[in-house]
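Input: a single structure, listed below in structure tokens.
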Amino acid sequence: MQFSAGVKPAALASAGELNVIKFLADNNEHKEGLAFCNQAIKLSPDDTFFYMQKGFFARKLGKLKIALDAFRDAIKLSPGNKEIYQNLFELYCENLFFEDAVRICPEDRKCMDYVFELCMEHNDTKNAIEIYKKAAAIFTSHDDVHTALASVHYKLNDYDKTVEELTKAINIAPLNKDTYKSLFDLFLKLERYEDAVFLYQKAIKNWPGDVEFYKQLASVYYKLKNFDNTIKMYESIIAVDKTEKIIYVKLANILLKVNKEEEAIDVFQEALSIFPVDLDLLNRFGKLLIKLNKLISASNIYSRILEINPDSMELYTVLGRLYANIGKHREAEKVFKSAIKKQPHEIKFYLELGNMYMKFERHLDGLELYQDVIKKWPNEKEIYENLFFIFLDSQKFDQAVEIFKDLRSLYPNNKFAYLYLFNSFYMNKQYEAGISLLKEAIEKFPIDYYLFMKLGAVYYAVGKVSEAVD
């Protein structure tokens with residue numbers, strides 16, 4: 001145990017008595033120590049030392065009133081002794097006498113902070129608020145007092161008071177970013193978007209190079225459907241920092257939303273000048289160009305993507321189709337054949353190549369391809385259908401009929417094969433063959449009225465009116 005600094009033992013107390021007090025304290029003989037101090041006070045009623053030790057022993061014994069009275073008496077005798085105040089402060093805090101604790105150190109910020117935290121720990125928000133209100137009145141340049149008060153009000157769902165305290169904190173310390181962000185987030189929670197905009201416009205003036213403020217402000221403008229200002233915010237971000245790819249994407253998307261397609265394209269091109277091999281950016285741009293029907297430009301983009309990522313098989317399909325759609329069938333053929341070379345056991349690329357041949361009426365190439373492919377996939381419906389159409393387009397009806405038979409055998413419910421073959425017979429005035437085919441189809445699909453209508457039409461064409469009526 002240490003005696004109180006600056007407090008001299010009583011002149012009347014012997015060295016032996018002092019040693020007794022020390023011995024009792026060091027050995028936790030608190031009850032005996034309290035009794036000894038009471039006897040010493042009777043002998044030396046004006047000695048602060050004995051009151052201090054009495055308060056110590058009483059505090060250890062949990063005798064609150066005795067300890068409080070002892071420390072208070074000590075303060076009366078030595079009002080300038082800080083250690084007495086410290087002991088009394090600790091005693092008040094231990095017993096949650098928060099107002100008393102603050103009252104004995106009214107202008108000590110550390111003391112107030114400690115009591116405030118203690119209040120919050122015990123959910124005594126009322127006293128916490130009162131303590132920091134006093135602190136705010138004393139320490140007028142301390143913005144953190146107001147932010148702490150704001151946190152208490154927020155905990156109590158008193159959002160108006162929270163806004164009030166955060167605003168006071170900003171007025172005291174206008175360059176504290178965290179306070180702006182806290183108030184901004186609160187405005188968003190309360191859907192006070194106009195207030196949020198005003199706040200961050202002020203923040204941007206203070207920190208013109210901080211893109212986070214622009215991002216947040218852009219999100220608010222977007223919520224307010226103020227797309228022009230949303231665009232301005234993203235443009236401002238890019239002017240400050242060109243390293244964030246996603247900002248270019250967001251800017252392009254908002255430009256598309258307001259029908260500024262060419263400007264959106266310009267944004268993607270600017271982004272690609274900075275991130276020339278970014279696959280995500282290239283893919284987004286390619287999809288946009290397809291959506292805008294700018295297929296030549298889209299094919300150039302997907303050609304670049306394929307050079308960067310030649311193992312992405314889906315790209316072969318996209319690029320091959322693009323080339324086909326802009327009439328570059330030789331380039332499309334090259335792309336699909338490259339895909340077949342990489343994945344010779346994947347049928348879809350053979351079908352893509354075959355469809356391209358049919359699109360450009362390259363029937364000989366299509367026949368050669370499909371007659372080879374059908375050996376690998378003898379039960380693939382689309383191969384038979386495509387061969388069937390190639391023979392029909394080439395006026396090779398006998399071969400078309402043979403393929404039709406195969407198709408009918410493999411896929412007996414394929415009604416459209418009957419119709420396509422019938423149309424070819426009809427166009428070439430092979431009416432009897434057409435009639436025979438339709439009758440066969442009607443037997444398979446007896447409730448299909450369209451087939452009956454077709455049969456009636458061909459009967460009329462050949463002058464068989466009675467059959468047509470039936």
Side-chain angles (χ1 to χ4, degrees), residues 211 215 218 234-235 237-239 241-257 260-360 362 365-366 368-370 372-373 376-377 380 382-383 386:
V211 297
K215 290 178 186 177
Y234 286 135
E235 289 175 339
I237 294 171
I238 291 172
D241 181 4
K242 299 183 183 299
T243 63
E244 289 198 57
K245 176 192 68 178
I246 192 62
I247 300 301
Y248 289 93
V249 174
K250 289 183 175 182
L251 177 56
N253 287 339
I254 198 69
L255 287 168
L256 290 172
K257 192 174 185 68
K260 294 183 177 181
E261 290 88 357
E262 294 301 323
E263 291 183 35
I265 290 173
D266 290 342
V267 168
F268 270 112
Q269 288 174 334
E270 181 183 349
L272 286 170
S273 70
I274 300 169
F275 311 99
V277 294
D278 189 291
L279 290 173
D280 175 65
L281 201 57
L282 286 163
N283 265 306
R284 289 175 185 270
F285 189 31
K287 289 177 181 178
L288 170 61
L289 292 170
I290 291 173
K291 183 178 179 180
L292 298 177
N293 203 34
K294 295 181 179 290
L295 303 185
I296 295 176
S297 297
S299 68
N300 293 333
I301 291 297
Y302 277 104
S303 178
R304 285 173 61 182
I305 297 173
L306 193 58
E307 288 178 8
I308 298 168
N309 188 21
D311 293 327
S312 176
M313 301 310 296
E314 184 60 31
L315 292 174
Y316 290 88
T317 302
V318 175
L319 183 56
R321 288 179 180 178
L322 280 170
Y323 279 141
N325 286 333
I326 61 177
K328 293 185 175 183
H329 59 94
R330 296 296 178 190
E331 287 84 347
E333 180 181 28
K334 182 179 178 181
V335 169
F336 289 132
K337 283 186 174 180
S338 295
I340 290 169
K341 186 176 181 180
K342 289 180 76 69
Q343 291 190 349
H345 302 296
E346 181 59 66
I347 190 173
K348 68 178 181 179
F349 297 115
Y350 293 93
L351 296 176
E352 290 285 354
L353 180 58
N355 289 334
M356 187 277 295
Y357 284 147
M358 291 174 64
K359 177 182 177 72
F360 291 96
R362 293 173 57 179
D365 292 322
E368 182 181 352
L369 174 71
Y370 283 126
D372 180 55
V373 172
K376 297 180 179 179
W377 291 281
E380 180 60 41
E382 192 170 346
I383 298 173
N386 289 349

Tell me which donor-acceptor pairs under 3.5 Å the side chains of residues 317-324 have, and how far apart each pair is, sequence neighbours excluded?
residue: Arg321; atom: NE; partner: Glu352; partner atom: OE1; Å: 3.2
residue: Arg321; atom: NE; partner: Glu352; partner atom: OE2; Å: 3.0
residue: Arg321; atom: NH2; partner: Glu352; partner atom: OE2; Å: 2.4

### Message
Per the ring-ring contact (aromatic ring centres under 6.0 Å, His included) rule, what does the pair list look like for residues 264-316, sequence neighbours excluded?
### Response
Phe268-Phe285

### Query
Any Lys/Arg nitrogen of Glu261 or Lys294 sitting under 4.0 Å from an Asp/Glu carboxylate oxygen of the other?
no

### Task
Measure the CD1-CH2 distance between Ile347 and Trp377 for me, rounded to the nearest 0.5 Å.
5.0 Å

### Message
In the structure I gave you, are the side-chain heavy atoms of Leu295 and Asn293 within less than 4.5 Å of one another anywhere?
### Response
yes

### Query
Is the count of non-hydrogen atoms from other residues, nucleotides or ligands lying under 6.0 Å from Glu368 atom CD greater than 12?
no

#### Entry: Minimal non-hydrogen separation, Pro276 against Ile308, with atom names
O-CD1, 4.4 Å

### Task
Please test Lys242 against Tyr248 for side-chain contact (heavy atoms from CB on, under 4.5 Å), starting from the C-alpha separation and ending with a verdict.
CA-CA 9 Å; Lys242 299 183 183 299; Tyr248 289 93; 3.5 Å; yes

#### Entry: Non-hydrogen atoms of Ala264 and Ala252 that approach each other most closely
CB-O, 3.6 Å

### Intermediate values then yes/no, side-chain contact (heavy atoms from CB on, under 4.5 Å), Leu255 and Val267
CA-CA 9 Å; Leu255 287 168; Val267 168; 3.6 Å; yes

### Query
Going by heavy atoms in the side chains, are Leu282 and Asp278 under 4.5 Å from each other?
no

### Query
Do the side chains of Ile326 and Ser299 get nearer than 4.5 Å, heavy atoms only?
yes

### Summary
dist Leu272:CG -> Ile274:CD1 (nearest 0.5 Å) comes out at 9.5 Å

### Query
Do the side chain of Asn309 and the main chain of Ile305 share a donor and acceptor less than 3.5 angstrom apart?
no

#### Entry: Criterion side-chain contact (heavy atoms from CB on, under 4.5 Å) on His329 and Lys359, from CA distance to verdict
CA-CA 9 Å; His329 59 94; Lys359 177 182 177 72; over 6 Å; no

### Message
Is the shortest side-chain heavy-atom distance between Ile301 and Arg284 below 4.5 Å?
### Response
no

### Task
Look at atom NZ of Lys334 and say whether more than 12 heavy atoms of other residues, nucleotides or ligands are closer to it than 6.0 Å.
no

### Task
Give, for atom CG of Leu369 and atom CG of Asp372, the distance between the pair rounded to the nearest 0.5 Å.
7.0 Å

### Query
When you check the side-chain N and O atoms of Asn386 and Tyr370, is any donor under 3.5 Å from an acceptor?
yes

#### Entry: Test item: Ser273 side-chain N/O and Glu270 main-chain N/O as donor-acceptor pair under 3.5 Å
yes

### Query
Does Arg304 pair with Glu307 as a salt bridge, N-O distance under 4.0 Å?
no

### Query
Do the side-chain N and O atoms of Tyr350 and Lys376 include a donor-acceptor pair separated by under 3.5 angstrom?
yes

### Any side-chain heavy-atom pair of Ile238 and Glu244 under 4.5 Å
no

#### Entry: Within 6.0 Å of CD1 in Ile296, more than 12 heavy atoms from elsewhere
no

### Point-to-point distance, once rounded to the nearest 0.5 Å, from CD1 of Ile247 to NZ of Lys215
5.0 Å

### Query
How long is the span from the CE atom in Met313 to the OG atom in Ser338, to the nearest 0.5 Å?
9.0 Å

#### Entry: Minimum heavy-atom distance Met356-Ala332, with the two atoms named
CG-CB, 4.0 Å

### Message
Just so I know, are the side chains of Lys291 and Leu256 near enough to count as touching, which here means a heavy-atom distance under 4.5 Å?
### Response
no

### Query
Going from NZ on Lys287 to CG on Leu289, what distance comes out if it is rounded to the nearest 0.5 angstrom?
12.5 Å

### Query
Do you know the tightest heavy-atom contact between Ile383 and Val373?
CD1-CG1, 3.3 Å

